[in-house]
Amino acid sequence: MKKKLKLWDATMLVMGSMIGSGIFIVSSDMMRNLGSGYWLIAVWIITGIMTVAAAISYGELSAMFPKAGGQYTYMTEIFGKMTGFLYGWGLFTVIQTGTIAAVAMAFGKFTAYLIPALNNSQPIFQSGSFKITWIQILAIVIILLLTYINTKGVKNGKLLQNIFTTSKIVALLGIIIFGFLLVKDSQWAENMNFGWNAFQNFGKEIGNDLVSTGWQSIGSVTLLGGIAAAMVGSVFSSVAWENVTFMSGEIENPKKNVVKAMVLGTTVVMVLYLLVNFVYLNALDRDGIAFADKNRPAVAASEVIFGNLGTVIMAILVMISTFGCINGLVLAGARVFQTMAKDGLFFKQAIENNKNEVPEKSLWMQGIWASVLALSGQYGDLLDMISFVIVLFYMITVFGVIYLRIKKPNLERPYKTWLYPITPILYLLIGSAFCLLLIWFKPQYTWPGFILILLGLPVYWFINKRKTE
């Protein structure tokens, strides 16, 4: 984008990057883990506090280092090149590419609502538990298509992104407004009747459907595991707001506008998310949320609200939402890998721009790896792995705010974190609890992401060895 982005554009970028597919899908799994309207709302509120606290803390760093590269730049400046590289390595191997893959899989799921044959067809290939489906193929096609489009320049990128973001907001506002006006038989009282009692019901698969097997009351330790598992979904739905920092060099008055965009954008999105979940609780009973067809509570709620036509409209709007989200992630991520390459920490081929003034080779490297991840497993597997790694790096960056205050108190800070040190400490406490519980209760989805990050150490050593030779 040659033109400078104003505060409005930056805020739309924050909201557009956040609102992808999660809010339309993850509440089903969250309800299966907790079984209570109270707990469902509580987890979204905790995630909201966590997200806004991180955005407020990042603001101090964005004002101190107002240049392209965002979080990668912050970590490099504060903790050195190795830490910056490990974040960039994580961004390439899991965070950015994994999010692209997961959102593309969600695009495929909602497309399958309009084209049932995608769900009902046999796998193209299957060997044991590994299989390749038409939904995965569609996800890969979308990733590669948007990668190709982005190699042709970003002349219309701002306009397209605003259209996509508007569509997402319209989809959410449509559910929120009509979810209270048009629902004849409210399920709110029944869903809230359970109070703070928690339940689990993971159901069983019959064909392509997941059906209830009965709710089991849970407490104490099991409840903590349920909260952590539920937060995987809400956290995944609430990330990617930091993508605006990748574009800092192209935002007017970045020392002020980046933090304003992050705080305003995250706050508005988290309020919208909370209201959408109120609608789910109003329109659907507990089983209706937990066992919505193909984990699509947004479509199930729309069917109650609008009838059959409404569900088709909602599916199309969500497809537009996910399509736009992937587009933004593809564009922003490639810029970070280009910055890393300029620092000698990524493939040097990623440095050069093509005739359209975009890092074409960086885009294709990102797109191909995201396609491989799309083949690697189910949407939920990717989601679990991504959420853990993202929060880990968020925590390191937020800790960087405290670290710099202690080590370099005299540095110029155009913006200072609101309610410091309470805000960053609050995030670090919630993030630590989330990561520890996830390691304890869902290790199979945390250690693969962690190992991928650690694999960056020998890669970093290899890169530096070649530099000295």
Side-chain angles (χ1 to χ4, degrees), residues 21-36 40 98 101-140 198-218 222 225-226 228-234 236-237 280 284-304 311 315 318 322 373-387 438 441-446 448:
S21 58
I23 186 59
F24 304 104
I25 295 174
V26 299
S27 292
S28 286
D29 185 65
M30 292 170 72
M31 183 60 88
R32 290 196 293 270
N33 274 287
L34 295 170
S36 162
L40 182 67
V103 177
M105 288 292 290
F107 176 92
K109 284 191 174 187
F110 277 92
T111 304
Y113 178 80
L114 300 178
I115 309 172
L118 282 172
N119 271 326
N120 301 329
S121 60
Q122 292 296 313
I124 301 168
F125 172 82
Q126 185 161 7
S127 177
S129 59
F130 176 77
K131 59 184 178 181
I132 300 174
T133 66
W134 285 107
I135 289 178
Q136 286 170 297
I137 297 299
L138 176 61
I140 291 169
F199 307 85
Q200 286 184 342
N201 181 358
F202 298 116
K204 64 178 179 180
E205 287 189 18
I206 298 180
N208 287 324
D209 296 318
L210 188 66
V211 298
S212 172
T213 54
W215 294 92
Q216 303 293 322
S217 179
I218 60 170
T222 311
M231 280 186 69
V232 167
S234 58
F236 174 78
S237 305
Y280 293 160
L284 304 169
D285 61 17
R286 181 167 64 170
D287 278 17
I289 298 172
F291 299 98
D293 183 40
K294 305 296 183 297
N295 283 328
R296 292 176 296 215
V299 174
S302 297
E303 193 167 5
V304 173
T311 60
V318 177
T322 50
L373 289 180
L375 284 178
S376 69
Q378 298 293 321
Y379 172 88
D381 299 344
L382 292 171
L383 188 152
D384 287 341
M385 185 171 71
I386 294 164
S387 298
L438 209 56
F441 289 100
K442 291 191 121 182
Q444 71 272 31
Y445 295 139
T446 56

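FYI, side chains are in, hydrogens and waters are out, and symmetry mates aren't considered; it's all heavy atoms of this structure. Quick note: residue numbers are just sequence positions, from 1.
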Does Q136 use its side chain to pair, donor to acceptor, with the backbone of T133 at less than 3.5 Å? yes

With a 3.5 Å distance limit and no angle check, can you tell me whether R296 reaches the backbone of A315 through a side-chain donor-acceptor pair? no

Run the side chain to side chain contact (heavy atoms under 4.5 Å, CB included) test on F236 and V103 for me, step by step, so that the C-alpha distance in whole Å, both residues' side-chain angles and the decisive distance to 0.1 Å come before the verdict. CA-CA 10 Å; F236 174 78; V103 177; 4.3 Å; yes

To check you understand the geometry: which heavy-atom pair defines the closest contact between [X] and [Y], and what is its length?
X	Y	answer
F107	T322	CD1-OG1, 3.3 Å
A301	L284	N-CD1, 3.9 Å
G108	L138	CA-CD2, 3.9 Å
A230	M30	O-CG, 3.3 Å
K442	A229	CD-CB, 4.2 Å
L40	M31	CD2-CE, 4.1 Å

Can you tell me how far [atom2] of [Y] sits from [atom1] of [X], rounded to the nearest 0.5 angstrom?
X	Y	atom1	atom2	answer
S217	Q200	OG	CD	10.0 Å
T111	L114	OG1	CG	7.0 Å
N33	M231	CG	CE	12.5 Å
Q216	I218	CD	CD1	10.5 Å
L375	F125	CG	CZ	11.0 Å

Flag the pair [X] / [Y] as yes when at least one side-chain heavy-atom distance between them is below 4.5 Å, and no otherwise.
X	Y	result
L438	V232	yes
N295	D29	no
Y280	V304	no
Y113	K294	no

Quickly, which of D287, L210, I289 forms a side chain to side chain contact (heavy atoms under 4.5 Å, CB included) with R32? Name it, please. L210

